[in-house]
Amino acid sequence: MGGLQIPMEQVLALAGLLFSCGLLGLMLRRNIIFMLMSLEVMLNAAALAFVAAGAKWQQADGQIIFLLILSVAAAEVAVGLGLVLQIQRRFKTLDMDQARRLRG
Amino acid sequence: MRKRGGAIMMEMLFYIAAAVALLATVLALSRANAAHALIYLIVSLLAVAVVFFLMGAPFAAALEIVIYAGAIMVLFVFVIMMLNVGREGTAREREWLGGRNWIAPGILSALLLLELMLALRHAPAVTSGVAVTPKEVGLTLFGPYVLAVEIASMLLLAGLVGAYHLGRRFIVRRERRR
Amino acid sequence: MTLAVLILLLLGGGLLAWLAERTHPNLPRWVALGVVGISLLFLLLTLPPEQLALATDPRHPGNWLAQLKIDWMPRFGIAFELAMDGLSLLLLVLTLLLGLVAITASWSEITFKPGLFQANLLWTLAGVCGVFLAMDLFLFFLFWEVMLIPMYLLIAIWGHENKSYAAMKFFIFTQASGLLMLLAIVVLAWQGSRVSGQLSFSYFDLLGLSLDPRVAWWTMLGFFLAFTVKLPAFPFHTWLPDAHTQAPTAGSVLLAGILLKTGAYGLLRFCIPLFPEASMEFAPIAMGLGVAGVIYGAVLAFAQSDFKRLVAYSSVSHMGFVLLGLYAWNQLALQGAVMQMVAHGVSTAALFMLAGALQHRLHTRDMGRMGGLWHQAPRMGACAMFFAVASLGLPGLGNFVAEFLVLLGLFAVHPWLAAIAAVGLITAAIYSLWMMQQAFQGTPDKQRTMPDFDGREMTAMAAMMIALLWLGLYPQPVLDLAQPVLDSLQALATPLDQAHSLVSKAAPAAGSGL
Amino acid sequence: MNATDFQAVLPLLVLAIGATVLMLQIAWVRNPGLTAALAALVMALSALSCRLAAEVAPTEVTPLLQADRYSLLFATLFGFAGAITALLSRDYVSLHGDEPEEFFLLLVLATMGASVLAYAIHVASLLLGLELLSVSLYALIAYPNKSILPLEAAAKYLVLSGAASATALFGFALLYAATGALGFTEIGQGLTVTTTGQSVLLPAAVMVFAGLAFKLSLVPFHLWTPDVYDGAPAPVTGFLASVAKGAVFVVLLRLFLDADLFRYRILVEITGLLAIFSMLAGNLLALLQTNIKRMLAYSSIAHMGYLMIVFMVSLSGDSQALAVEAASYYLIAYTATTIAAFGLLTLISTDASGRENVQLQQVSGLFWRQPLLACLMLVALLSLAGIPLTAGFIAKFYLVNAAVSGHNWILLFTLVIGSSIGIYYYLRVVYYMTRRPEEHRVEQKIISAWRGRILSGVLIATILLLGIAPQPLMHYLKAILH
Amino acid sequence: MAGIWLIPFFPLASAVLLLLSAGRMPRQLAAWLGAGSVGLSAICVASLVNDFLADGQVREVTLWTWMTVAEFTPRFAFYIDGLTVVMMSVITGVGFLIHLYSIEFMWDDESICRYFAYMNLFVGAMLLLVMADNLLLLYLGWEGVGVCSYLLVGFWYRDPANGKAARKAFVVTRVGDTAMALGLFLLFTELGTLDIQPLLAAANSTWQVGDTLPVLATALLLGGAVGKSAQLPLQVWLPDAMAGPTPVSALIHAATMVTAGVYLIARTSGLFLLAPPTMEAVAWIGLLTLLLAAFAALVQQDIKRILAYSTISQIGYMFLALGVGAFASGIFHLVTHAFFKALLFLAAGAVIHCLHHEHNIFRMGGLRKRLPVVFWSFLIGSAALAALPFTSGFYSKDAILLSASEVGGIGLWLWAGGLLGALLTGIYSFRLVFIVFFGQAHTEPDRQPGWKMSVALVVLCALALAGGLLALPLADVFPAARAHEASHAIEYISIGTPLLGLLLAYLMFLGRQINFDRAADSIAGRRVRGFLFSGWRFDQLYEVLWVRPYTTVAHWCRNEPVDRVYNAIVASSQWAHHKLAALQTGELRWYATSMVFGLVLLLAVMLRNAT
């Protein structure tokens with residue numbers, strides 16, 4: 001198995017693309033579940049960038065950070081989905097545009 | 001020559017995986033139906049796993065599939081099933097997704113992308129190297145990063161307790177309702 | 001140590017007065033009266049007479065009556081440094097005397113939480129005493145700001161109908177300008193550290209610093225703004241009418257009688273001596289503001305129908321003279337400014353006490369609803385007349401000596417400015433007499449009954465009358481007390497001295513022309 | 001890892017063990033009083049254990065954590081802040097929801113996250129600390145279940161904070177790609193030798209900064225702040241405003257210092273720009289707020305703006321030490337003050353209604369109803385406004401000194417303008433508190449437990465002590481930072 | 001005499017006592033304390049005069065040093081020379097008579113205590129004014145009498161009109177006083193002292209005749225004098241000041257205070273002599289004022305206003321005298337004027353007193369028989385005022401006219417003007433006598449003057465008649481006047497003119513041989529009459545020039561225009577607040593968008609700078 005055989009800037013570009021997609025989703029979607037998904041995409045993009053960088057420097061650190069991001073994502077999603085349940089119960093909708101009692 | 005041919009093949013594979021990842025992500029985020037979106041997202045994650053593999057990070061690729069695509073996405077599936085977001089919800093989502101809503105976010109994302117690409121213009125060129133083996137990862141993880149593992153455990157504990165507290169009420173209420 | 005004890009006495013007294021409220025609602029005012037009285041006695045009795053004699057000896061300028069220095073924040077070269085000279089002593093005595101008057105003025109007016117009221121009163125006094133004593137710029141700023149809070153509370157809690165606006169305006173004006181001063185202080189200290197290699201906020205270390213002219217100018221401006229807002233000088237005076245009008249009587253008395261003087265004191269003690277060249281450069285503008293204040297205040301005083309507002313604007317006018325006197329920066333004008341600080345303190349305090357008494361009795365400050373009060377309250381009328389003519393500068397009373405000296409000193413420097421400022425004498429007559437006419441003269445309202453001044457109030461009034469007469473007929477003790485200080489300050493600012501044609505140049509032989 | 005290392009991370013260990021103990025205790029017997037006390041004890045112990053850890057400082061414990069007196073100072077601060085928050089929220093949590101015990105567990109975890117940030121010298125520890133803090137906070141914010149506002153706040157915070165974390169991570173990934181280093185110092189060294197050029201590095205650094213600026217709610221990443229502050233339970237808001245922000249600031253400063261990002265003038269100028277925006281916008285936004293929590297939220301934006309001044313100051317090497325010192329003092333003073341202010345809101349919201357009393361109207365006449373609480377608020381507000389004799393003043397004085405020594409005139413004038421605006425809304429609360437009984441109608445009863453009183457007393461004393469006798473702390477700060 | 005300080009002390013102490021009693025002193029005691037203290041002063045003055053006439057020594061008394069600031073060391077010190085003695089005699093002598101008269105006149109007033117307090121204060125201040133050895137102390141007295149004048153004009157404070165008159169009096173004189181204060185500043189700045197004698201000496205040694213500075217200084221002093229003495233252009237306050245009680249008008253607005261300006265110029269004559277332009281200005285002011293006031297007096301209907309205009313006119317004569325350098329004549333006229341004008345006012349007061357406070361002369365008439373004492377007093381006073389031969393006014397006015405005629409150049413004009421004034425004086429003074437005391441009675445007196453009034457009137461009658469024979473000890477004070485060498489023609493004309501005036505008055509108002517009624521009722525006549533009646537419309541002019549602009553500006557500013565700046569700052573912050581707060585929509589998507597926006601922005605800044 002070879003090392004990094006792929007132009008790194010292209011991997012990073014892919015990561016950037018995915019990151020932008022995630023942000024786009026965040027800005028676009030009202031459904032909190034989709035927002036969480038966008039978040040996952042963004043975290044994933046960051047993880048991809050780390051792994052690519054790690055591969056470039058032939059270090060394990062990149063993958064370890066990926067691992068940590070993974071656990072972060074898991075924890076966030078766990079709490080996030082718990083919130084989703086509550087939101088559905090209390091607001092009777094997942095539409096975050098409806099949840100704007102706090103403003104001004 | 002072989003090596004070069006392998007490289008070309010790898011490159012091709014990478015492009016395919018990247019395209020799949022990108023396309024699946026876009027589709028995932030533009031679906032009205034949450035379950036469909038989730039499937040696309042999983043596809044995207046799998047494609048990224050392929051990229052990991054191509055970059056010589058098999059351990060990461062495996063974890064991506066097992067934990068990300070497997071465990072975390074299943075959580076989503078649970079919630080979607082539990083909430084039973086019906087047809088109306090889907091219809092509403094579809095309605096929202098059209099038209100003007102795209103303009104500002106689209107422009108902003110495009111700008112951001114442009115800026116990122118500008119920044120990456122001068123990114124380092126291709127390097128060839130050796131794959132980072134799982135063993136190496138493991139050694140590093142429990143070497144210098146041992147405290148990170150410990151803290152990560154606390155992080156997961158926090159996620160666990162939080163999820164428990166938030167989800168519990170929902171479950172309790174549901175049971176009471178029955 | 002005397003000085004720290006004085007401040008602690010007032011602070012502790014405030015606490016005591018607050019607690020006394022629980023025993024009996026009338027107790028706090030006695031406590032407050034006692035504390036201020038004791039403080040005054042303490043101040044005067046602990047003063048060694050030989051020191052006093054030395055300090056009033058004009059041949060030995062720069063003598064300090066008492067000093068105290070305790071390290072506080074060595075990290076920044078900040079010390080708890082207090083010192084008293086003749087000027088401080090003068091203003092301290094004025095402060096404590098007017099404190100007594102303020103307590104008397106609020107004797108029966110305050111029914112809501114009298115203990116806290118008296119506590120705030122005493123804390124304000126403590127803050128003011130601190131301002132007059134602090135010789136560390138940081139400490140000075142600290143007292144400068146700290147005295148605002150009890151004053152703010154006095155206005156905000158016990159004020160009249162529009163108190164929130166007035167208190168807020170007062171606080172924001174002084175605080176915002178105070179921040180600029182803090183900035184200036186810090187800049188100055190750092191400039192000093194560049195010279196001596198040691199950060200210090202001590203007044204004595206920062207005096208006579210040779211600064212880059214541009215830095216000096218801006219720094220001076222920071223001080224100047226803070227002090228002129230407090231003074232207040234045109235066009236930073238607009239907080240004053242509101243604050244005075246809305247404050248309870250004691251608050252107005254303190255505000256007009258003492259707090260305004262801290263601005264003048266600051267200019268005299270800090271702003272000009274620390275930045276002699278910049279101040280000299282700035283003097284025309286400052287004096288222009290002074291003249292504008294004199295005239296503008298007087299015109300607006302005339303236009304008011306609210307008794308307290310009128311008096312407040314008259315303060316603007318009078319404090320314009322102080323600004324003029326300070327920036328004319330010669331013996332006569334400086335002495336005039338100091339006299340004006342004292343005399344205006346007394347006369348305006350009395351007028352505010354009067355206004356408070358009227359409001360307490362009539363529940364209005366609108367002079368349109370007064371008229372002919374002399375009939376019902378001849379003693380009040382007589383007092384009002386006395387202080388009205390004092391405020392228009394009748395010779396024989398303190399204000400005249402002050403204004404005359406200021407104008408006399410100013411004339412030697414800027415005759416035309418003096419001529420314009422002298423118009424203030426006319427406008428003062430207009431508003432003072434108009435005030436008398438509206439409130440006390442004219443046809444009395446037969447239905448109205450109003451108790452005249454009682455013995456307590458008359459005592460306070462009589463004391464202030466005697467003080468003004470004394471200042472007007474034999475001001476020498478005050479002048480002697482201030483003279484060495486002014487001499488030493490002038491000596492510090494020698495460039496200024498040389499630049500301005502001193503009165504001494506106009507000795508009989510001279511005849512240099514205008 | 002040897003004994004020295006363990007001693008060096010003792011505060012973290014105490015917290016970790018404490019969390020475990022708490023979990024076991026909750027599983028064994030549910031008793032909110034006991035849990036709260038235990039949690040407070042754990043956090044206080046963690047704070048105290050910093051003294052032990054200081055004996056071996058500075059020690060680098062694995063490449064991830066650095067136990068020096070800088071990190072220990074803040075670990076102490078966060079420990080105490082967490083302990084006080086735990087005590088303050090004891091009654092509040094019981095009255096605002098069911099099963100209050102986990103709240104304290106989460107609080108301990110959040111404090112641990114903050115402490116990790118104080119220790120962090122590596123991207124991994126930064127990431128974990130940040131997320132430990134954030135994830136605990138998501139749950140803490142959504143904790144009460146009698147009102148739906150916390151839910152909304154938590155959702156907003158979760159989504160936006162997650163995005164911010166991702167942004168910061170992406171930035172770090174780019175830095176890593178360019179330098180091959182993850183430790184702060186190594187990143188700095190890598191930046192020097194890299195051939196990649198500034199065009200990648202600076203955008204990457206900006207992404208890192210933007211992600212962290214979100215946590216500090218600097219303009220224009222501030223929009224979430226009032227909503228989250230308002231929705232979150234008052235004690236959590238206090239914690240969020242003080243500890244969470246403080247921890248992020250600490251790590252940001254550490255990153256800039258260790259990686260010596262001050263080399264990149266443009267980057268520092270961006271921090272200055274955000275500081276100016278934050279000072280102005282924060283104060284202006286707070287100006288007419290009638291909801292005290294929102295007002296404090298906006299004011300916290302402004303305060304972070306003030307704090308950001310130190311970055312610009314650090315541009316000139318001479319002033320860097322003073323700047324860090326000023327920032328440290330400011331953080332300590334600000335933490336004490338913020339906890340006091342939100343502590344008051346906690347205490348006056350401690351009634352059975354399950355709603356919070358955070359409108360201006362609801363503190364009307366507080367001075368006459370609850371003098372001690374009102375004094376607490378008064379002192380806190382004066383400290384926030386930077387009036388002498390309070391901690392806030394000395395803090396501001398420190399900042400001004402730092403900025404003067406660094407010649408940052410524009411920032412200084414913005415500071416003055418901002419503070420001047422600030423006086424208005426702080427004093428408005430004071431004014432409302434001093435309104436006379438006849439001027440308002442509030443019948444609300446406040447449960448004033450002895451705990452609340454003692455805590456109020458302690459907080460007042462702390463703020464005043466920091467304002468009147470700051471020399472010991474100053475001395476200490478100077479000693480450890482120079 | 002050692003107790004010179006007692007002279008002002010008695011009235012001042014009495015004033016303090018009366019004020020302290022706060023109106024609770026018995027009427028009897030208050031009245032006699034008030035009058036008695038002035039009487040005591042008068043006795044002291046008499047003894048002083050006696051001594052002074054015996055040795056002619058100038059006396060200087062220093063009580064204490066007022067203040068010492070740099071070279072500025074004014075003292076509380078008195079300087080008694082011939083001029084001072086004359087003034088003191090007039091003040092205490094006439095003052096005592098008027099106080100005596102007041103006891104009866106004010107007996108029924110509830111505030112008699114206050115009245116005497118003010119009066120005594122006035123006498124004290126006036127004494128300080130004339131006795132002062134330096135200009136600052138003089139200024140103290142100067143302002144003091146101004147305040148007393150204000151207090152007494154507005155004595156009956158319930159009528160707002162009185163208050164207005166009082167304020168007008170004070171403010172208008174204050175204008176002059178301010179000029180004078182500036183003059184003091186100038187003198188001190190240039191000469192380094194305000195002590196009058198050293199000042200004059202210094203001026204003489206420093207300045208040449210005709211220098212700019214003395215002209216400027218004297219012009220400023222003249223401003224003060226003009227204000228106090230109700231000369232053009234500040235004469236407008238005096239007619240209105242008649243709102244006060246009549247004895248007040250007699251003492252303050254006829255005999256003493258209004259002549260303070262004359263005293264000031266006489267006192268600083270050494271300075272004025274250095275400034276010929278000012279001297280000429282003084283003469284012209286005097287002439288114009290005396291004519292203007294005389295014309296105005298012709299058409300007045302209020303008995304006191306007629307006397308007020310005549311006072312202005314007579315002081316005009318004094319100024320004329322000063323202006324032509326005849327200081328002694330001016331002071332002489334001051335003294336005789338004090339006698340006869342006090343007499344006239346007191347007599348008028350008696351008329352008013354006995355006629356239920358009637359002021360309008362056309363509602364009087366035929367009082368000759370009913371109030372004989374008053375009639376004779378008034379007649380004598382009018383004769384002296386008109387300068388009929390052998391009355392006191394004759395000697396003094398004659399001396400002035402002669403002096404004027406002898407000045408080269410403008411002298412003849414001044415003399416002719418003065419003569420015209422004398423003619424007019426004859427007409428208006430006897431118009432008053434004829435209308436009030438002859439002809440039909442319109443109102444019946446309800447009482448007769450008592451002994452106190454009568455005594456005062458009789459003594460003053462004697463003085464008004466014989467006062468011309470006094471020899472004032474002014475020789476040492478002023479430069480010696482030239483002996484009059486006027487032709488007899490001028491003498492005769494001077495004597496004849498008042499008689500002509502008397503004749504004309506008789507023909508017009510008693511005999512009715514000359515009837516101006518038709519002319520006066522024509523439109524032009526009415527206009528002229530209205531013009532003169534209003535005092536040449538000076539009030540209206542000043543209203544437009546000063547009062548209205550001032551009140552307009554004041555009204556315009558009353559709501560603090562400066563605050564608009566601050567309000568604008570406040571408003572803009574509020575505007576900014578609202579705009580910024582509008583961004584806080586509560587929408588999560590928008591928040592995310594804003595973050596991305598911020599990120600894009602920062603990256604853009606970065607890239608711009610990095611490339």
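Order of the sequence lines sets the chain letters (A, B, ...), proteins ahead of strands, with each chain counted from 1. Hydrogens, waters and symmetry mates play no part in the numbers below; they use all other heavy atoms, side chains included.
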Between the CG atom in B/L41 and the CZ atom in A/F34, the distance rounded to the nearest 0.5 Å is 10.0 Å

Which of the residues A/L23, A/L26, A/V41, A/L17 is involved in the greatest number of heavy-atom pairs with chain B at under 4.5 angstrom?
-> A/L17

CG/A/L70 to CD1/B/I72 distance, rounded to the nearest 0.5 angstrom?
-> 5.0 Å

Is it the backbone or the side chain of A/L67 that comes under 4.5 Å from a heavy atom of chain B, or both, or neither?
-> side chain

When rounded to the nearest 0.5 angstrom, what distance separates CD1 in A/I69 from CG in B/L63?
-> 12.5 Å

Using a cut-off of under 4.5 Å on heavy-atom pairs, state which of B/L155, B/V161, B/L157 scores highest against chain A.
-> B/L155

Which portion of A/L68 sits near chain B, non-hydrogen atoms under 4.5 angstrom = side chain

Heavy-atom distances under 4.5 Å only: say whether A/V51 touches chain B with side chain, backbone, both or neither.
-> both

Roughly how far apart are B/Y68 OH and A/E40 CD, rounded to 0.5 Å?
-> 4.0 Å

Counting only heavy atoms closer than 4.5 Å, note whether B/A110 contacts chain A via side chain, backbone, both or neither.
-> neither

Contacts of A/S38 meeting side-chain hydrogen bond (donor to acceptor under 3.5 Å, both in side chains) (sequence neighbours excluded), chain-then-number -> none

Flag the one option from A/G62, A/S20, A/G82, A/G54 with the top tally of heavy-atom pairs under 4.5 Å to chain B.
-> A/S20

Would you say the side chain of A/F66 lies within less than 4.5 Å of the side chain of B/E64, judging by non-hydrogen atoms?
-> yes

Could you have a look at B/A37, B/P144, B/A60 and say which one has the most heavy-atom pairs with chain A under 4.5 angstrom?
-> B/A60

Measure the shortest side-chain to side-chain distance between B/L29 and A/L24 over non-hydrogen atoms and say whether it is less than 4.5 angstrom.
-> no

Measure B/F76 against the heavy atoms of chain A and call it side chain, backbone, both or neither at under 4.5 Å.
-> both

Evaluate the side-chain proximity of B/T25 to A/N44: yes if any heavy-atom separation is below 4.5 Å, no if none is.
-> no

Under 4.5 Å to a heavy atom of chain A? For B/Y15 that would be side chain

Quick one: are B/L166 and A/L85 in side-chain contact, heavy atoms under 4.5 Å?
-> no

So, the part of B/T140 with a heavy atom under 4.5 Å from chain A: the answer is both

Comparing A/A45, A/A47, A/G22, A/A78 against chain B, the one with the most heavy-atom pairs below 4.5 Å turns out to be A/A78

Member of B/I67, B/V149, B/L156 meeting the side-chain contact (heavy atoms from CB on, under 4.5 Å) criterion with A/S71 = B/L156

Nearest non-hydrogen partners of A/C21 and B/L22, listed with the distance = SG-CD1, 4.4 Å

Just grab all the side-chain hydrogen bond (donor to acceptor under 3.5 Å, both in side chains) pairs involving residues 72-84 of chain A, residues at least two apart or on different chains.
-> A/E76-D/Y138

When the 4.5 angstrom heavy-atom criterion is applied to B/L38 and chain A, the contacting part is both

Roughly how far, to the nearest 0.5 Å, is the CG atom of A/D61 from the CG atom of B/L141?
-> 10.5 Å

Hey, what do you get for CG (A/L81) to CG (B/L83), rounding to the nearest 0.5 Å?
-> 9.0 Å

Side chains of B/M55 and A/L48 in contact at under 4.5 Å (non-hydrogen atoms) = yes

Between B/G159, B/A21, B/G162, which has the largest tally of heavy atom pairs under 4.5 Å with chain A?
-> B/G159

